[in-house]
Amino acid sequence: MSFPDEGRQVAVIAGAGPAGLTAALELLRRSNIMPLVLESDAQVGGISKTVKYRGNRMDLGGHRFFSKSDWVMRWWQDILPVAAQDRAAPGGLRISYQNQSRDFTPMDRGAVDADAVMLVRERLSRIFYRRRFFDYPLKLNTATLRNMGLLETLRIGLSYSQARINHRSPEASLEDFFINRFGERLYRTFFKDYTEKVWGVPCEEISAEWGAQRIKGLSVRKALAHALASPFRSPHDTAQQHTETSLIERFLYPKFGPGQMWEEVAKRVRQGGGEVHLGHRVVALERQGLTVTAVQVRDEGSGVLRRIACDWFISTLPVSDLTAMLQPDDGEVARIAALLPYRDFMTAGLLVRRMTAGGRRAGPAAASAAAPVPDGMPPDNWVYIQEPDVKIGRLQIFNNWSPALVADPATIWLGLEYFCGEGDGLWSMSDAGFVDFAILELAKIGMIDRRDVLDGTVVRVPKAYPAYFGEYGRFDRVRRFLDRFTNLYPIGRNGMHRYNNQDHSMLAAQGAVGAILAGGHGKTELWNINADDGYHEEKTGEVA
Ligand SMILES: Cc1cc2nc3c(=O)[nH]c(=O)nc-3n(C[C@H](O)[C@H](O)[C@H](O)COP(=O)(O)OP(=O)(O)OC[C@H]3O[C@@H](n4cnc5c(N)ncnc54)[C@H](O)[C@@H]3O)c2cc1C
């Protein structure tokens, strides 16, 4: 670890995820302040890293690159331009993410390294329930009716009618919210188990407000009206054709997974004279009054502790950790921060020879696949597993995100995703035990034959989801405490306890650098980023 020139100001940045690395590169581009990034993990990217395993690559959660912000779109393309073959769409491209779309004209960067690019990918994700695939979002079409059966469809219809008549009032819980809109049967079929798997809390204990904020616009009435009107629509109805075309969701995706973006950014930070230290955990902070004066960092390899003086401290540490390190005098602030809720996440990477429930069909991902497709591989990027008899929440099919994530195109590289709590039964399983458990689950629902599994690994992601219940209701008090520090900038997903996507974390980083350069002006406005735009989650309560 070197020390900057005498007189050059230092910004210590805790965390080399999207927020920390964006802040570092922006500081280098816009100022003479020296960014020194400390990252506890052995690689950069934070939750958006790509994990390499025996030639295959895992994306934890599946990261689509989409932003409403032109600044972010340009920023990404400056690091990894869009691949030449994907740039060519006449009239530009339309990309989408979680119920938002935008037109987008890729920047023409001329000839570029064919590996250092973003691809334009098409999204397909379906629901797997009753050992069958359903469209996502659910459509009232013949396939759904066939899968559900006439009797069950009638029951759902009846239950929906009952819910319309016996409206639950007051609408207190998320369960009330779902039942009022979808009826009890549809709620129990498609919403309850998945939501509870994700958050680990019964829907009765999550507030209705949570649903109102995030599950906008989806209504059974609209779906019914659409389904009933379809026989009367002309096949030449151009407005309809336009809608159908625009429903194909596309997104940008680095050829080698999201971590490729952040590895490239880290390289530029180093080339620009900044420092990025991996395996270095921030363990304590020193402060004088309301100024952070130094950071204590532990080398995770040697255990050696060091002290680094700083002029600025940009933190992407979980708010709970940051607050504890600042040792607030106000016991309530310390208590609220310590009890902020999180949800954790585990992925089992499985390499298989073939799958048994793929139901391969012509889908967007299938159409764009150039290589021969392994046996039974579904065309989806990911599948929501709604089966109540297993714990798996989602299944990623990495081949369909980017063929470059898979070493041997004749194999299928899967991510079996589990939502859990740090220290709970799943989290505490041995790696080998967890891989076996995941294999059994996938075989149980008929997706694979155990004998086709070639290899497996596990990745644990602590604090993957900052949650909005429990003590979060009193978060403002913690925020007011943090805001009082003159040279402290908490940014990012866990850094602000916000359900951020990468772009929100980057915008917060950009704002923090702007505020530092403006002598602190605009610091508190950073909290407005991603405060009330519902776009970071989907209509159906999908989590990013
Ligand atoms: C399942 C899932 C799917 C997602 N899908 C998408 C998507 O499709 N598109 C999208 O844009 N976003 C998506 N996201 C969100 C995206 O992963 C995050 O928004 C992004 O990674 C946040 O960046 P960050 O820098 O704020 O935080 P993080 O990525 O959490 O980075 C924080 C860093 O700080 C480090 N750190 C923590 N404590 C210490 C310490 N004491 N000392 C030093 N370092 C420390 C961590 O190791 C980490 O590297 C998804 C998230 C999840 C969980």
Side-chain angles (χ1 to χ4, degrees), residues 12-24 37-50 58-69 72 76 96-98 121 123 125 198 249 251-254 257-259 261-262 265-266 276-285 295-300 314-322 324-325 342-347 381-382 393-394 396 401 415 417-419 459 461-466 490-509 512 529-530 535-538 542-544:
V12 169
I13 301 174
L21 289 174
T22 304
V37 185
L38 302 170
E39 168 57 56
S40 54
D41 200 351
Q43 67 179 102
V44 301
I47 305 173
S48 307
K49 67 186 171 187
T50 302
M58 287 168 84
D59 174 351
L60 312 172
H63 283 73
R64 288 170 277 168
F65 281 61
F66 172 91
S67 182
K68 286 197 287 187
S69 154
V72 171
W76 281 334
S96 321
Y97 184 61
Q98 300 189 337
R121 303 299 291 168
R123 170 201 170 151
S125 53
V198 174
E249 283 190 29
F251 58 90
L252 299 180
Y253 193 70
M261 175 69 74
W262 304 111
V265 174
V276 181
H277 297 278
L278 302 178
H280 280 73
R281 179 178 296 277
V282 173
V283 289
L285 298 174
V295 173
Q296 303 256 5
V297 61
R298 187 179 64 221
D299 181 328
E300 296 283 73
I314 299 179
S315 166
T316 74
L317 308 177
V319 169
S320 49
D321 295 356
L322 170 68
M325 288 183 205
Y342 295 92
R343 193 75 176 138
D344 311 288
F345 179 77
M346 286 172 83
T347 305
N381 310 93
W382 72 94
R394 257 184 337 211
Q396 301 288 344
W401 283 86
E417 300 183 338
Y418 290 82
F419 308 101
V459 180
V461 188
K463 299 190 170 58
Y465 298 100
I491 57 168
R493 181 160 164 121
N494 285 329
M496 304 174 96
H497 206 87
R498 272 286 156 72
Y499 205 77
N500 277 354
N501 285 318
Q502 296 172 94
D503 61 333
H504 302 119
S505 284
M506 294 169 67
L507 289 166
I529 296 167
N530 189 24
Y535 102 87
H536 52 300
E537 294 184 46
E538 251 175 281
E542 170 192 346
V543 289

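Throughout, residue positions are numbered sequentially from 1 according to the sequence presented. Counting starts at 1 for both ligands and their atoms, in listed order.
- When non-hydrogen atoms are compared, ligand 1 lies under 4.0 Å from the backbone of Ser40 as well as from its side chain.
- Checking only distances, Leu60 never comes within under 3.5 Å of ligand 1, N or O to N or O.
- A donor-acceptor pair under 3.5 Å is absent between the side-chain atoms of Ser505 and the main chain of Ala19, judged by distance alone.
- Listed by chain and residue number, Phe419 satisfy the ring pair (Phe, Tyr, Trp, His ring centres under 6.0 Å) test with Phe345 (two or more places apart in sequence, or in another chain).
- The side chain to side chain contact (heavy atoms under 4.5 Å, CB included) check on Glu39 picks up Ala16, Asp41, Leu278, with sequence neighbours excluded.
- Distances from atom 19 (O) of ligand 1 to the heavy atoms of Val44, Asn500, Leu278 put Asn500 nearest.
- The shortest N or O to N or O distance between Val282 and ligand 1 is under 3.5 Å.
- For ligand 1, none of its N or O atoms has an N or O atom of Ile491 under 3.5 Å away.
- The closest donor-acceptor contact from the side chain of Asp344 to the backbone of Lys463 lies under 3.5 Å.
- Distance alone, capped at 3.5 Å, is enough to place a donor-acceptor pair between the Arg121 side chain and the Trp401 backbone.
- Among Ala42, Gly62, Ala23, the residue whose heavy atom sits closest to atom 5 (N) of ligand 1 is Gly62.
- Residue contact annotation: Gly495 has no non-hydrogen atom under 4.0 Å from ligand 1.
- Between Asn501 and ligand 1, at least one N/O pair is under 3.5 Å apart.
- Considering backbone and side-chain atoms together, His63 places an N or O closer than 3.5 Å to an N or O of ligand 1.
- Only the backbone of Leu38 comes within 4.0 Å of ligand 1, judged by heavy-atom distances.
- At under 3.5 Å, not a single nitrogen or oxygen of Arg394, backbone or side chain, sits near a nitrogen or oxygen of ligand 1.
- Between Ala19 and ligand 1, a contact under 3.5 Å exists for at least one N or O pair.
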